[in-house]
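First comes the structure, then the notes that go with it.
Predicted, not measured: the structure shown is a model, and the values here were computed from it. The chain is numbered in sequence order, starting from 1.
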Amino acid sequence: MSRETAEEREGITLLGSQGTTYASDYAPEVLETFVNKHQDNDYFVKFNCPEFTSLCPITGQPDFATITISYVPDVRMVESKSLKLYLFSFRNHGDFHEDCVNIIMKDLIKLMDPKYIEIWGKFTPRGGISIDPYCNYGRPGTKWEKVAADRLAWHDLYPEKIDNR
């Protein structure tokens with residue numbers, strides 16, 4: 001079993017910490033990265049956050065969602081505990097559903113410069129309607145730019161049957 005080098009752990013301070021602090025509002029500064037050991041492979045990393053909450057910016061009422069994050073890493077990858085704390089920081093943050101998913105995507109692009117990333121929010125109904133915003137990004141000038149355009153055009157071609165919300 002190999003031990004991680006200091007370079008591979010550089011920037012990771014939350015994982016293994018017993019003194020976890022939860023931000024009371026939007027906190028992109030909690031995000032941390034580590035080095036992708038398989039930069040020669042293109043592969044997806046997928047996170048599902050079924051307990052995402054934010055606040056309606058108008059009424060202050062809570063909104064609940066499953067947030068799915070899929071990305072193709074390049075050099076840096078997001079560390080999962082920091083991602084959990086980051087997503088938790090939206091709990092008292094007021095923004096529309098569409099804003100939340102776009103903010104998450106832009107923060108992760110800034111953090112790790114992935115080859116490709118997509119964020120899908122599946123919000124539970126409030127007032128008899130659910131909102132499911134989707135956004136993505138493919139690095140310009142690469143094959144991932146076309147993948148992003150294609151996935152955006154066809155992402156909901158076969159929508160799931162919604163009976164669990």
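- When the options Asp113, Asn36, Thr33 are evaluated for a side-chain hydrogen bond (donor to acceptor under 3.5 Å, both in side chains) with Arg76, the one that passes is Thr33.
- Ring geometry, Phe90 versus Tyr26: the interplanar angle exceeds 60°, so the pair is classed perpendicular (tilted spans 30 to 60°).
- Taking 4.5 Å as the limit, every side-chain heavy atom of Phe88 sits out of range of all side-chain heavy atoms of Glu51.
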Original post:
Where do Asp74 and Trp144 land on the side chain to side chain contact (heavy atoms under 4.5 Å, CB included) test, with the steps shown first?
Top reply: CA-CA 12 Å; Asp74 192 4; Trp144 297 104; over 6 Å; no
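- Side-chain contact between His155 and Asn136: absent, with no pair of heavy atoms (C-beta onward) separated by less than 4.5 Å.
- Other residues, nucleotides and ligands contribute only 12 or fewer heavy atoms inside 6.0 Å of the CZ atom of Arg91.
- Within the 4.5 Å cutoff, side-chain heavy atoms of Ile104 are placed close to those of Phe52.
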Original post:
For Leu31 and Lys110, what are the C-alpha separation, side-chain angles and deciding distance, and is it a side chain to side chain contact (heavy atoms under 4.5 Å, CB included)?
Top reply: CA-CA 11 Å; Leu31 288 166; Lys110 181 179 176 184; over 6 Å; no
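- A distance of 6.0 Å or more separates the ring centres of Tyr137 and Tyr116.
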Subject >> CA sep, side-chain torsions, deciding dist, call: His93, Ser54, side chain to side chain contact (heavy atoms under 4.5 Å, CB included) >> reply: CA-CA 6 Å; His93 179 74; Ser54 61; 5.5 Å; no
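- A heavy-atom distance below 4.5 Å is not found between the side chains of Val45 and Val78.
- At least one side-chain heavy atom of Phe47 sits less than 4.5 Å from a side-chain heavy atom of Leu83.
- Residues Asp132 and Trp120 have side chains in contact (heavy-atom distance under 4.5 Å, counting atoms from C-beta outward).
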Subject >> Test side chain to side chain contact (heavy atoms under 4.5 Å, CB included) applied to Asp63 and Ile131, step by step >> reply: CA-CA 10 Å; Asp63 291 315; Ile131 302 172; over 6 Å; no
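- Met105 and Phe96 sit in two unconnected hydrophobic clusters of ILVMFWY residues. Membership requires side-chain heavy atoms under 4.5 Å apart, directly or through other members.
- Within the 4.5 Å cutoff, the side chain of Pro62 has no heavy atoms near those of the Thr53 side chain.
- The backbone N or O of Glu79 sits less than 3.5 Å from a side-chain atom of Ser82, completing a donor-acceptor pair.
- Heavy-atom contacts from other residues, nucleotides or ligands closer than 6.0 Å to CD of Glu29 number more than 12.
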